[in-house]
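Since the model is a prediction, treat every value here as computed from it, not as a measurement. Along the sequence shown, residues are numbered consecutively beginning with 1. Note that these values count all heavy atoms, side chains included, but never hydrogens, waters or copies made by symmetry.
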Amino acid sequence: MNKTEIYILSGFLGSGKTTLLKQLLQEEKKQGRKVAVMMNELGKVSIDSDVVDEDVPLKELLDGCICCTISDKLEAQLQELLMVDKPEAIYIETTGAAHPIEVLDSILSPLFADRMLVKGILSVVDGPRWLSRKLLSPQIQQLLIEQVRHADLIILNKADDLTEAEQARLTMEVQGLNSQAFSILTSYSKIAVKQVRGMTSGKKSPASSSHVFSDLSLSTFVYQFQKPVNQTEFEEFLRGLPDTVYRIKGYLKLHSSQYPLLFQYSYGMPLYMQENMNLPLNMVFIGENLDWGEMEKRLKTLEGIH
């Protein structure tokens, strides 16, 4: 099964994400690739949807952030794109207020995570705003830092508004926060599509769907359970997880349950919810600096698979 490539466009309000998206879509069209777009706006009206040509499937997620208030809507629309339109790639433009890990968490639904290849997070940094970020609220400053820290490719935009010394300072500060990501100084979000598509999903652990973004610390892993598991043993497995496992969500069957349970885990807190139908036993993990091969072994041991 061919997997659909997923590109997440991150960056604060006004940084140049929509300009970037427009250019990427033009390049993809020239190359004859079938792509789709998901656009998330905090307001009730989409301002930028006219940058997407009519022949490109577009899903608009309005009046909320995909991280929290409209994540259910996101799941339904993403599933429709994957099952009906079957594009080669989907570009997801997030709101400026979106946190990269929350976005990943929202799009990696256990129902179809195995159909996607998350190529990475591309963050657009507004150069002048970054250098004057101390004037912003502490929450916004932290969000700008998180958008840089979790990116796989960083566009240092509006470089034409900076002196050479400011460009050097911007580059140094951003690389100091994330030395693994490739960062490019640019104006008007100009970047070659091959640089974006060149983001790699990195090393794969054997027999698993793991995505390690260009050998960066943040990565995801999809495990498919073959058998029911013992709840006590599963919770023992959870207690042994490192603090850098940020999210787990998916479906698993316990020996004691007739149907799979929806399982969610966030910041060390597990939550089980009863489902009344058989669902694919996929579980999605999101974390940092993790050995997914080792985790896969432990999960197989839980199922009694050697």
Quick one, M116 with L82, criterion side chain to side chain contact (heavy atoms under 4.5 Å, CB included). Give me CA distance, side-chain angles, the key distance, then yes/no. CA-CA 8 Å; M116 301 189 293; L82 290 166; 3.9 Å; yes
To the nearest 0.5 Å, tell me how far D291 CG sits from E296 CD. 10.5 Å
Looking only at heavy atoms, what is the nearest atom pair of L81 and A36, with distance? CD2-CB, 3.9 Å
Using atom types as modelled and distance alone, determine if a side-chain donor or acceptor of S257 lies under 3.5 Å from a backbone N or O of P260. no
Plane angle bin for F234 and F225 - parallel if under 30°, tilted between 30 and 60°, otherwise perpendicular: perpendicular
Are the side chain of S187 and the backbone N or O of D160 linked by a donor-acceptor pair below 3.5 Å? yes
Where is the tightest heavy-atom contact between D126 and G14, given as atom of each residue plus distance? OD2-O, 3.8 Å
Keeping N178 on the side-chain end and V148 on the backbone end, is there a donor-acceptor pair under 3.5 Å? yes
I286 and L104: which non-hydrogen atoms are nearest, and at how many Å? CD1-C, 3.9 Å
Nearest atoms (heavy-atom pairs only) where A113 meets L108: CB-CD2, 4.3 Å
Value for CD1 (I6) from CZ (R115), rounded to nearest 0.5 Å, stands at 12.0 Å
Are any side-chain N or O atoms of R133 and backbone N or O atoms of W130, one a donor and one an acceptor, separated by less than 3.5 Å? yes
Mind checking whether F285 and Y265 have ring centres under 6.0 Å apart? no
For a quick test of reading the model, state the closest non-hydrogen atom pair linking S183 to Q175 and the distance between them. OG-NE2, 3.2 Å
How about Q274: does its CD atom have over 12 heavy atoms from other parts shown lying under 6.0 Å from it? yes
For residues I155 and S123, determine if any side-chain heavy atom of one lies less than 4.5 Å from a side-chain heavy atom of the other. no
I'd like to know whether L21 forms a side chain to side chain contact (heavy atoms under 4.5 Å, CB included) with M39, so could you lay out the CA-CA distance, the side-chain angles of the two residues, the decisive distance to 0.1 Å, and finally the verdict. CA-CA 10 Å; L21 175 65; M39 238 177 206; 3.5 Å; yes
Using the rule given for salt bridge (Lys or Arg N to Asp or Glu O under 4.0 Å), can you reason through E28 versus R197, listing the C-alpha separation, both sets of side-chain angles and the distance that settles it, and then say yes or no? CA-CA 10 Å; E28 291 280 24; R197 283 172 51 189; 3.5 Å; yes
Linking I/L/V/M/F/W/Y whenever their side-chain heavy atoms sit closer than 4.5 Å, directly or via other members, would L156 and Y188 fall into one cluster? no
Pair E303-K300, salt bridge (Lys or Arg N to Asp or Glu O under 4.0 Å): steps then yes or no: CA-CA 5 Å; E303 293 190 90; K300 283 186 169 171; over 6 Å; no
Before you tell me yes or no, could you show the steps for L117 and T4 under side chain to side chain contact (heavy atoms under 4.5 Å, CB included), namely the whole-Å CA-CA distance, both residues' side-chain angles and the distance that decides it to 0.1 Å? CA-CA 6 Å; L117 176 65; T4 297; over 6 Å; no
Pairwise side-chain contact, E93 with M38, heavy-atom cut-off 4.5 Å (strictly under): no
Using a 4.5 Å cut-off on heavy atoms from C-beta on, say whether the side chain of R239 contacts that of E236. yes
Do M273 and L252 land in one hydrophobic cluster if side-chain heavy atoms of ILVMFWY residues count as linked below 4.5 Å? yes
K17 side chain vs G11 backbone, donor-acceptor pair below 3.5 Å: yes
Rounded distance (nearest 0.5 Å) linking atom CD1 of I184 with atom OG1 of T171: 11.0 Å
Correct closest heavy-atom pair for D114 and L111 would be OD1-O, 4.4 Å
Does M295 reach the side chain of V245, with side-chain heavy atoms less than 4.5 Å apart? yes
Can you check side-chain hydrogen bond (donor to acceptor under 3.5 Å, both in side chains) on S256 and Q231, steps first, answer last? CA-CA 8 Å; S256 56; Q231 186 168 353; 4.6 Å; no
Report yes if some heavy atom in the side chain of F221 is under 4.5 Å from a heavy atom in the side chain of M283; otherwise report no. no
Step by step, work out the side chain to side chain contact (heavy atoms under 4.5 Å, CB included) result for L241 and L290. CA-CA 10 Å; L241 290 174; L290 295 165; over 6 Å; no
Spatial distance of atom CD (Q258) from atom CE (M277) [nearest 0.5 Å]: 13.0 Å
Looking at G176, is its backbone amide N or carbonyl O close enough to the side chain of S179 to form a donor-acceptor pair, meaning the two atoms are under 3.5 Å apart? no
Please report the C-alpha distance between E146 and Q142 in whole Å, then the side-chain angles of each, then the deciding distance to 0.1 Å, and finally whether the side-chain hydrogen bond (donor to acceptor under 3.5 Å, both in side chains) criterion is met. CA-CA 6 Å; E146 294 294 307; Q142 190 55 40; 3.0 Å; yes
How about L144 and L136: do any of their side-chain heavy atoms sit closer than 4.5 Å? yes
N157 side-chain N/O to S15 backbone N/O, donor-acceptor pair under 3.5 Å: yes
Can you spot which of F237, Y223, Y272 makes a ring-ring contact (aromatic ring centres under 6.0 Å, His included) with F263? Y272
Salt bridge present between R298 and E294 (N-O < 4.0 angstrom): no
Cluster check L170, L135: I/L/V/M/F/W/Y, side chain < 4.5 angstrom: no
Measure the spacing between CG of L122 and CG of L20 and express it to the nearest 0.5 Å. 5.5 Å
Side chain to side chain contact (heavy atoms under 4.5 Å, CB included) with E27: of V193, I191, V35, only one passes, and it is V193
Can you establish whether the number of heavy atoms outside D243 located under 6.0 Å from its atom CG is more than 12? no
Please determine if E5 and R33 form a salt bridge, counting it only when a charged side-chain N lies under 4.0 Å from a carboxylate O. yes
When hydrophobic residues are tied together by side-chain contacts of less than 4.5 Å, even through go-betweens, does L261 share a cluster with L238? yes
Is K253 reaching over with its side chain to a backbone N or O of L281, donor-acceptor style, under 3.5 angstrom? no
Side chain to side chain contact (heavy atoms under 4.5 Å, CB included) partner of I107, the single match among V284, T94, I90, L78: L78
Would you check if Q226 and Q224 make a side-chain contact, meaning some heavy-atom pair closer than 4.5 Å? yes
Quick check: do L143 and F12 have side-chain heavy atoms less than 4.5 Å from each other? yes
Mark yes or no for whether N282, through its side chain, and P110, through its backbone, hold a donor-acceptor pair below 3.5 Å. yes
One should read off an interatomic distance between D161 CG and L131 CG, to the nearest 0.5 angstrom, of 11.0 Å
Ignoring hydrogens and geometry, is there a side-chain-to-backbone donor-acceptor pair from S10 to Q147 under 3.5 Å? no
